[in-house]
Amino acid sequence: MTSAAPWWQDTVIYQVYLRSFQDSNGDGIGDLPGLASRLDDLRDLGVQAIWITPFFPSPNADFGYDVSDYCDVAPEYGTLADWDALVRQARQRGMRLLVDFVLNHTSDQHPWFREACSSPQHPRRDWYVWRDGPPDGGPPTNWRSVFGGPAWTHEPRSGQWYYHAFLPQQPDLNWHHPGVRAAMADVARFWLRRGASGFRLDATAFLFEDPDWPDDPDPDRQPPWPLQPFNSNRPENHGVLRELRAVLAEFDAGFDDERVLLGESTTDTLTELRAAYGEQGDEIQLPMNFVYARHWQRDAPFFQRLIDDTQALLHDRTPVSFFSNHDHWRQWSAFGDGVHNDAIARLTAAMTLLQRGTALVYYGEEIGMGDLPDAELAAAPLGPSRPRADPRDRARTPMQWDAGTHAGFSLGTPWLPLPRTWGDRHVAAQRADPHSLWHWYRALIALKRDDPALHAGAHWPLHADQSSVLAFGRRSADGTLALVLLNWGEQACEVAVQGLPAGTGPTAEVLLASPPIAAPQRLDRVPLSPFGVAVLRPQGMNA
Ligand code: NOJ
Ligand code: CA
């Protein structure tokens, strides 16, 4: 049967930080066979697609985001045959795999960069971004890299400088060069041929730089700094992304098998986010909404506005919502107040998963994994499997599967310790408890997949008469309505829902609630607990 819409709309993509997901051979590092052995768990949760963080050969200056061979698997993660087996096993379970594609830069150990360094005359020299410094010395501009420090590194043999938006070990590719574009298109074909359903595109904002190389007027600004016009979201990006979409189209076979681009499309505003889809919708199908993921406060009015604005501006596109990933905080820790973290985690999950669009779930989010506390992160040992300390490791601890050795992650010593307090917070315990957070995620994902309003229904803006309550509706083409009410406050309240379609109510059935509530008799008086969630179907609207 052919679907009416591409599979990647209104779905759930689960992010696997591969190094930390499941180790299969006792070296303390998660790997592809380990992930394969956990596919049943993900299928049971309702996951439809998996984004796997980079597993290519890499010197690991930035754990795989410095790629030295785009068309192979690093030995620590397995082999190409393991990848092929993973694709087969995922397909058997109806799940698709997205490969993390690092576009902006390679490793400084990639043969392309070594060749580029070998001589200014080498044909690959211009695959990277080289500039002379000013006559009085120093780098060509005063730009800072995203990770701090200068964005230029001096190459002693030629005396020139190469540009890197990130680490010195991550030299930027020159996307003006047709050879780079052709080579990277072939990398995409390599993985598409081997069964990838698409890519998560790394750092798409940074592909081009201002050709006039202006100085940064404020190089000493402190993070988190806004994106800068001289090195991010340049107009030339659009051409590259359209070309990539065309490469994907070579492999498309109907909506059920359409290949997709999920973009790390960092933007500061929703207008810029809209541009990332392409004017004709022919660029990134799923640019992540970073505006949404950068506000780490329990702030119902902020999120109410952001959700309504996002849904209005992207009414003909698929919004992508998420909070957590491997680069910042876990939402359980970031939004938690130390007492109600699980209740708050239910609320943030309902907010990302029940909005119209596609939602990302970061591994462990479904059981309420938290960040590694600062002191434990500082004490975490360095060694061959963790060559350098990185503050982002706080959100990369091993997946907590069961009560066994190292939470079932590995029989060896994990590359990064588990939080000391992981206790009985693991998948096995939560699967056995129908009231657990894992079951809450499972129920939300099932509603998103199966409920006529919550699957593909349009966003219906609502207003709650309490400032702590965020409210929105979803309405299917046949008029079936669902209401989502989220109390971000620590006080219980009774809320009146305003802005309902004419003739709605006055009573409602409960589709899901945390904690459970009786079916409300009046939509102008819905009781919500502290951090309570209610997902309601108004009476008479169920087709
Ligand atoms: C974004 C990735 O998510 C991050 O982990 C990485 O360090 C940078 N891009 C550079 O590739
Ligand atoms: Ca391993």
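Being a predicted model, the structure only gives us computed values, none of them experimental. Note that ligands are numbered from 1 as they come in the structure, with each ligand's atoms numbered from 1 the same way.
Counting protein heavy atoms only, atom 5 (O) of ligand 1 is closest to Asp327 OD1, 2.7 Å. From the protein, the heavy atom lying nearest to atom 6 (C) of ligand 1 is Asp62 OD2, 3.2 Å.
Distances below 4.0 Å separate heavy atoms of Arg392 from the following atoms of ligand 1: 4 (C), 5 (O), 6 (C), 7 (O). Atoms of ligand 1 lying under 4.0 Å from at least one heavy atom of Glu264, given by number and element, are 1 (C), 3 (O), 9 (N). Interface atoms of ligand 1 facing His105, defined by a heavy-atom separation under 4.0 Å, are 10 (C), 11 (O). When each atom of ligand 1 is checked for a heavy atom of Phe166 under 4.0 Å away, the hits are 8 (C), 10 (C).
The pair Asp327-Arg396 meets the salt-bridge criterion, with a side-chain N (NZ, NE, NH1 or NH2) lying under 4.0 Å from an Asp/Glu carboxylate O. Contact check on Arg200 versus Asp202 returns a salt bridge, with a Lys/Arg side-chain nitrogen under 4.0 Å from an Asp/Glu carboxylate oxygen. Residues Arg194 and Asp84 are paired through a salt bridge, judged by an N-O separation under 4.0 Å between the basic side chain and the carboxylate. Ion pair Arg392/Asp62 flagged as a salt bridge, since at least one NZ, NE, NH1 or NH2 atom sits closer than 4.0 Å to an Asp/Glu carboxylate oxygen.
Closest to the Ca ion (ligand 2) among the N, O or S atoms of Asp23 is OD1.
The shortest heavy-atom contact between Thr153 and His164 is OG1-NE2, 2.7 Å.
A donor-acceptor pair under 3.5 Å links the side-chain atoms of Trp191 to the main chain of Tyr70, judged by distance alone.
No side-chain donor from either of Tyr77 and Asp82 sits under 3.5 Å from a side-chain acceptor of the other. Checked by atom type, the side-chain pair Gln109/Arg114 shows a donor-acceptor distance below 3.5 Å.
Our summary of the site lists the angle at the Ca ion (ligand 2) between OD1 of Asp27 and OD2 of Asp31 as 170°, to the nearest 10 degrees.
At a threshold of 3.0 Å, the Ca ion (ligand 2) has a backbone or side-chain N, O or S atom of Ile29 nearer than that distance. The Ca ion (ligand 2) does not have Tyr77 among its coordinating residues (no N/O/S atom, backbone or side chain, under 3.0 Å).
Using a non-hydrogen distance threshold of 4.0 Å, Phe147 registers as a contact of ligand 1. Taking 4.0 Å as the cut-off, His328 does not count as a neighbour of ligand 1 on heavy-atom distance.
The one candidate from Trp175, Phe113, Tyr162 that meets the ring-ring contact (aromatic ring centres under 6.0 Å, His included) condition with Tyr128 is Phe113.
Taking each of Asp202, Leu167, Val67 in turn, the one with a heavy atom nearest to atom 2 (C) of ligand 1 proves to be Asp202.
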